[in-house]
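Below is one structure, written out as structure tokens; the observations come after it.
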Amino acid sequence: MTSPNTLTLTAHQRVFGGWQNVYRHHSAVLSCDMNFAVYLPPQAETQPCPVVYWLSGLTCTEQNFITKAGAQQHAAQHGLILVAPDTSPRGCNLPGEDDSWDFGTGAGFYVNATQAPWAQHYRMYDYVVSELPGAIAANFPIRETHQSIMGHSMGGYGALMIALRNPGRFQSVSAFSPIVAPTQVPWGQKAFSAYLGDNRDDWLAYDPTHLVKTAAQPLPNLIDQGEADNFLQAQLQPEKFAAACQAVNYPLTLRMQPGYDHSYYFIATFIGDHLAHHAAALV
């Protein structure tokens, strides 16, 4: 079996003096082949660079971020390597995998599934936390002690959750329109019940609003949320995370942005702020 650290280059574009690459490798954790994107800034040609992980949202692949966010110019400015994995396993041919847009393919929710038939493949938590970083460290000039994480929607939730569960791993975290309390909203409840089972206590291990109550490492934390986001009230509810952070004095900058929605137009507008936020923590 091919090692997860063995990469096949599938796309290679020059942009802002660096290279936007896409790779394919076999994931032992997910039992399938996976794509991920890496932006290498110009600085990476001569020295190790900090790395920022981007986690995408429902229905997305690695392509959404690298083609729509406009992040490369800011990463080049700050000398940041950007890593953007896919959102879920693909082509596993599981029953029900492609029946709805908010579950299964494109909707891994960054958990380790425990329920059949999902447990064999849907282990995105281990993929993002362990296997993918191992492949990145083995193949790219990163500063392993200088890492941050960010994401959008389902990926924003994933970034907050992973940062909170792994104290000491990251220097900063940020999110656009994150699902901050997945155990309390329909998207999270649908995914967690299928991936994790009916015991809601098990779900709390992946809920940022619960995890922040006992956070071991306060991190610089930036959240941008559009006030015109169609999912704001039913699915996102950032005020719940803000209240939980305030209760334990966990640092949080929550910016409500008038007129902005859930789209990549919103992300592209503020991606520079987010990468500057991470660059400041990664010096």
Intermediate values then yes/no, side chain to side chain donor-acceptor pair (under 3.5 Å), Gln189 and Thr183: CA-CA 6 Å; Gln189 291 166 350; Thr183 62; over 6 Å; no
Intermediate values then yes/no, salt bridge (charged side-chain N to carboxylate O under 4.0 Å, His left out), Asp273 and Arg255: CA-CA 11 Å; Asp273 290 354; Arg255 306 193 306 188; 2.9 Å; yes
Test log, rule side-chain contact (heavy atoms from CB on, under 4.5 Å), inputs Gln225 and Tyr260: CA-CA 8 Å; Gln225 173 63 62; Tyr260 287 92; over 6 Å; no
side-chain contact (heavy atoms from CB on, under 4.5 Å) between Glu131 and Ile136, worked out: CA-CA 9 Å; Glu131 190 174 52; Ile136 298 300; over 6 Å; no
Residues Val173, Leu160; criterion side-chain contact (heavy atoms from CB on, under 4.5 Å); working and verdict: CA-CA 7 Å; Val173 60; Leu160 295 172; 4.0 Å; yes
Criterion side-chain contact (heavy atoms from CB on, under 4.5 Å) on Leu132 and Val29, from CA distance to verdict: CA-CA 10 Å; Leu132 179 61; Val29 167; over 6 Å; no
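Side-chain atoms of Asp224 and Met256, non-hydrogen and from C-beta on, never get closer than 4.5 Å to each other. Between Trp118 and Leu94 the shortest side-chain heavy-atom distance falls below 4.5 Å. No side-chain heavy atom of Pro85 sits under 4.5 Å from any side-chain heavy atom of Met34. Residues Ile81 and Leu40 meet the side-chain proximity criterion, which asks for heavy atoms closer than 4.5 Å. Looking at heavy atoms from C-beta onward, Trp19 lies out of side-chain contact with Val38 at the 4.5 angstrom threshold. The shortest distance between side-chain heavy atoms of Leu164 and Tyr250 falls below 4.5 Å. Using a 4.5 Å heavy-atom threshold, the side chains of Ile142 and Val83 count as separate. Pro208 places none of its side-chain heavy atoms less than 4.5 Å from the side chain of Pro178.
Using cut-offs of 30° and 60° for the angle between ring planes, the Tyr110 and Tyr157 rings count as tilted. Note on ring orientation: taking the six-membered ring where Trp is involved, the planes of Trp54 and Phe176 are tilted (angle from 30° to 60°). The aromatic rings of Trp187 and Phe231 are tilted relative to each other, their planes meeting at an angle between 30° and 60°.
Residues Ile149 and Val111 fall within the same hydrophobic cluster, defined by Ile, Leu, Val, Met, Phe, Trp and Tyr side chains chained together at heavy-atom separations under 4.5 Å. When the side chains of ILVMFWY residues are joined at heavy-atom separations under 4.5 Å, either directly or via intervening members, Tyr206 and Phe170 end up in a single hydrophobic cluster. Val15 and Ile267 fall within a single hydrophobic cluster, where Ile, Leu, Val, Met, Phe, Trp and Tyr are joined by side-chain heavy atoms under 4.5 Å apart, directly or via other members. Follow the hydrophobic side-chain contacts under 4.5 Å out from Ile66 and you never reach Tyr265; the two are in separate clusters. Note on Leu222 and Val248: separate hydrophobic clusters, where clusters join Ile, Leu, Val, Met, Phe, Trp and Tyr whose side-chain heavy atoms are under 4.5 Å apart, directly or indirectly.
At distances below 3.5 Å, not a single donor-acceptor pair connects side-chain atoms of His121 with backbone N or O atoms of Asn93. In this structure, Gln43 contributes its side chain and Ala76 its backbone to a donor-acceptor pair below 3.5 Å. Looking only at distances, no side-chain donor or acceptor of Thr87 sits under 3.5 Å from a matching main-chain atom of Leu58. Using modelled atom types, no side-chain atom of Glu62 and backbone atom of Ala37 make a donor-acceptor pair closer than 3.5 Å. Ser130 places no side-chain N or O within donor-acceptor distance of the main-chain N or O of Tyr127, the cut-off being under 3.5 Å. Looking only at distances, a side-chain donor or acceptor of Asn166 sits under 3.5 Å from a matching main-chain atom of Ile162. Of the possible donor and acceptor atoms, one in the side chain of Thr209 sits under 3.5 Å from a partner among the backbone N and O of Val180. Checking side-chain atoms of His25 against main-chain N and O of Pro4 turns up a donor-acceptor pair under 3.5 Å. Between the Ser153 side chain and the Gly57 main chain, no donor and acceptor come within less than 3.5 Å of each other.
Of the options His262, Gln235, Gln257, a side-chain hydrogen bond (donor to acceptor under 3.5 Å, both in side chains) to Asp229 is made by His262 and by none of the others. A side chain to side chain contact (heavy atoms under 4.5 Å, CB included) with Val129 is found for exactly one of Met124, Arg165, Arg169, namely Arg169. Evaluated for a side-chain hydrogen bond (donor to acceptor under 3.5 Å, both in side chains) with Gln20, the options His12, Gln13, Gln72 yield exactly one hit, Gln72.
Rounded to the nearest 0.5 angstrom, His146 NE2 and Leu282 CG are separated by 7.0 Å. To the nearest 0.5 Å, the span separating CG on Leu55 from CG on Asp86 amounts to 11.5 Å. Asn221 contributes atom CG, which lies 11.5 Å from atom CE of Met150 (distance to the nearest 0.5 angstrom). The NE2 atom of His278 sits 12.5 Å away from the CD atom of Gln147 when rounded to the nearest 0.5 Å. From Glu227, atom CD reaches atom CG of Leu232 across 8.0 Å, with rounding to the nearest 0.5 Å. Distance check, rounded to the nearest 0.5 Å: OG of Ser31 to OH of Tyr122 gives 12.5 Å.
Heavy-atom contacts from other residues, nucleotides or ligands closer than 6.0 Å to CG of Asn230 number 12 or fewer. Summarising the local packing, CD of Gln246 is surrounded by 12 or fewer heavy atoms from other residues, nucleotides or ligands at distances under 6.0 Å.
Between Tyr125 and Phe109, the ring center distance fails the sub-6.0 Å criterion. Ring to ring, Phe65 and Tyr264 are not that close: their centroids are 6.0 angstrom or more apart. Two rings, from Phe140 and Tyr23, have their centers less than 6.0 Å apart. For Tyr39 and His78, the ring centers are positioned 6.0 Å apart or more.
Using modelled atom types, one finds no donor on one side chain facing an acceptor on the other under 3.5 Å when comparing Lys68 with Ser263. A donor-acceptor contact closer than 3.5 angstrom is absent between the side chains of His152 and Ser56. Side-chain polar atoms of His26 and Thr2 form no donor-acceptor pair below 3.5 angstrom.
Identified under the salt bridge (Lys or Arg N to Asp or Glu O under 4.0 Å) test for residues 139-162, with sequence neighbours left out: none.
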